[in-house]
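Computed from heavy atoms alone, side chains included, the values below leave out hydrogens, waters and symmetry copies.
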Amino acid sequence: MIQFPSTVSLSSSFETSAAIDMGEAQGVQLSVIVQEAKETDTFELSNVAGHSTMHNPRSYVWWIRVTIYTVLVLLGQSVALLLGRQYFVKGGQSNWLAALLQLVGFPILIPFYMFSPFMSSPTSNETNRRQPSAFILASIYGGLGLFIAADCFLYSIGMKYLPVSTYTLISASQLGFNALFSFFLNSQKFTPFIVNSLVLLTISSILLVFQNESANPTGVSKLKYAIGFICTVGGSAGYGLVLSLTQLSFRKVIKRETCKAVMDLIFYEEFVASCAILIGLFASGDWKTLNREMIGYQLGKVSYIMNLVWTAVLWQGCAIGSVGLVYEVSSLFSNAIGVVGLPIVPTLAVIFFHDRMDGVKAVSMVLAIWGFASYVYQHYLDYCTSKKASRNSIEVSKASPTMERVNK
């Protein structure tokens with residue numbers, strides 16, 4: 001990262017230049033600094049600057065919006081996971097349908113997308129920046145959508161065979177996989193906090209392998225439990241890869257991380273993923289058994305339909321809350337809220353599904369939370385560094401016209 005001169009040194013330099021001739025060397029030097037500042041990671045710096053100044057001063061209306069988005073994230077992900085598990089416990093069998101429910105509610109995003117601040121006019125920098133072609137964007141949306149479809153299918157198998165608490169703790173490993181893939185794709189630096197997070201999340205998942213059968217209230221065989229475990233780990237690895245590829249796409253191709261660009265990505269990739277899973281649902285023949293499944297559902301037909309509808313709605317509510325927090329605060333805060341929700345699902349699973357919280361699972365939860373906290377803290381440090389660099393870049397850019405007049 002280029003070290004920019006501080007505000008004090010800049011102002012002092014300007015005062016001195018009014019009294020003496022600074023010479024050609026100083027003028028060239030500052031011009032080079034300004035040019036480098038403009039070329040250094042413009043995408044990330046403009047994104048951070050936008051979040052730091054977008055909502056000052058913060059009124060009570062802003063706090064209300066942030067509270068609503070936070071509730072949507074916590075409530076959406078927690079209740080949607082519990083309803084997903086209830087679907088299998090009470091008689092549901094289709095992995096394809098369970099995967100589809102995680103995505104098919106994307107039309108709910110349309111009113112939020114059309115009547116939200118996301119549709120604000122682009123800045124001059126975004127207008128002047130060359131945008132990728134429609135074919136390239138379609139390829140990105142399509143590729144990521146297919147990845148997400150595969151992840152949702154793997155997650156649905158894990159949800160079918162694992163207790164909710166175990167499933168949730170294994171899913172925590174997605175952050176570790178994200179860091180690993182980002183190391184190769186996005187030049188992610190392995191700081192002590194990142195390494196600590198990787199180690200803790202890995203140990204947290206491995207501990208769950210050594211649970212005894214009494215900790216597994218699902219009644220599935222060891223083979224199915226192993227399949228659920230492997231599929232959940234695979235889904236977590238795939239989701240970590242999707243996050244890294246998304247970051248790479250924004251940095252190298254899309255080159256703008258506005259909320260509209262994020263909403264476009266979420267909408268189109270969920271559309272592609274839903275279509276892919278629908279094809280799998282009909283190709284596998286699972287659609288033929290859905291009517292019989294609904295009739296035999298232990299809680300009745302109405303409960304079956306309501307389970308499906310509310311699962312789809314809650315997953316999209318979680319998506320709206322996540323994007324809203326990115327827009328109102330930052331992506332760091334949005335991820336942190338997801339971390340806060342980590343202990344909620346296992347706790348509710350103990351109450352509603354009678355999952356046993358034995359010593360191994362409790363230790364695994366503590367390690368997972370510790371790993372999450374370590375990962376988020378590193379991103380907080382990166383955010384502070386980028387924010388400082390952005391502020392210095394803006395100060396140098398504002399100072400450049402004054403320096404040009406002095407040189408003349």
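In terms of modelled atom types and a separation under 3.5 Å, the side chain of Tyr155 and the main chain of Ala98 share no donor-acceptor contact.
Residues Asn95 and Phe88 meet the side-chain proximity criterion, which asks for heavy atoms closer than 4.5 Å. Residues Met294 and Ile305 form a side-chain contact, since some pair of their non-hydrogen atoms from C-beta on lies under 4.5 Å apart. With contacts defined as side-chain heavy-atom distances shorter than 4.5 Å, the pair Ile277/Phe153 does not qualify.
Ring geometry for Trp287 versus Phe282: interplanar angle of 30 to 60°, hence tilted.
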- Task: Mind running side chain to side chain contact (heavy atoms under 4.5 Å, CB included) on Tyr87 and Glu293 for me, showing each step along the way?
- Result: CA-CA 10 Å; Tyr87 166 77; Glu293 184 178 279; 2.5 Å; yes
- Query: Taking it one step at a time, do Leu169 and Met365 satisfy side chain to side chain contact (heavy atoms under 4.5 Å, CB included)?
  - Reply: CA-CA 6 Å; Leu169 293 173; Met365 180 184 293; 3.8 Å; yes
- Task: Starting from the C-alpha separation in whole Å, work towards a yes-or-no answer on side chain to side chain contact (heavy atoms under 4.5 Å, CB included) for Gln378 and Ser197.
- Result: CA-CA 10 Å; Gln378 180 59 55; Ser197 175; over 6 Å; no
- Message: Leu144 vs Tyr268, test: side chain to side chain contact (heavy atoms under 4.5 Å, CB included). Steps then yes/no.
- Response: CA-CA 9 Å; Leu144 292 177; Tyr268 290 116; over 6 Å; no
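In this structure, Val104 and Ala312 approach most closely via the heavy-atom pair CG1-CB, 4.1 Å. Ile140 and Ser249 get closest at one heavy-atom pair: CG2-OG, 3.8 Å. Residues Thr311 and Gly84 come closest through the heavy atom pair OG1-N, 4.4 Å. Taking all atoms of both residues into account, the shortest heavy-atom contact from Met159 to Leu81 is CE-CD2, 3.5 Å. A pairwise comparison of heavy atoms in Ser244 and Asn186 identifies O-ND2, 3.1 Å as the closest pair. Taking each heavy atom of Gly158 and Cys231 in turn, the nearest pair found is N-CB, 4.4 Å.
Remark: Trp370 engages no residue in a ring pair (Phe, Tyr, Trp, His ring centres under 6.0 Å) (not counting sequence neighbours). In this view, Ser284 and Trp96, Asp286 satisfy the side-chain contact (heavy atoms from CB on, under 4.5 Å) rule, not counting sequence neighbours. Annotation: side chain to side chain donor-acceptor pair (under 3.5 Å) contacts of Glu269 (sequence neighbours excluded): none. Remark: Val366 engages no residue in a side-chain contact (heavy atoms from CB on, under 4.5 Å) (not counting sequence neighbours). For Ser274, there are no side chain to side chain donor-acceptor pair (under 3.5 Å) partners at least two apart in sequence or on another chain. With sequence neighbours left out, the ring pair (Phe, Tyr, Trp, His ring centres under 6.0 Å) criterion links Tyr297 to Tyr304.
To the nearest 0.5 angstrom, Leu101 atom CG is 4.5 Å from Leu97 atom CG. With rounding to the nearest 0.5 angstrom, the CG atom of Leu200 is 10.5 Å from the OG atom of Ser364. Note that CG of Leu290 is 11.5 Å distant from CD of Gln93, once rounded to the nearest 0.5 Å. For the atom pair CG (Asp151) and OG1 (Thr232), the distance works out to 11.5 Å, reported to the nearest 0.5 Å. To the nearest 0.5 Å, atom NZ of residue Lys90 and atom CG of residue Asn307 are 11.0 Å apart. Here CD1 of Ile157 is found 12.0 Å from NZ of Lys224. Values are rounded to the nearest 0.5 Å.
Atom OH of Tyr141 has more than 12 neighbouring heavy atoms from other residues, nucleotides or ligands inside a 6.0 Å radius. Around atom OH of Tyr167, more than 12 heavy atoms belonging to other residues, nucleotides or ligands sit under 6.0 Å away.
Between Phe267 and Phe106, the ring centre distance stays below 6.0 Å.
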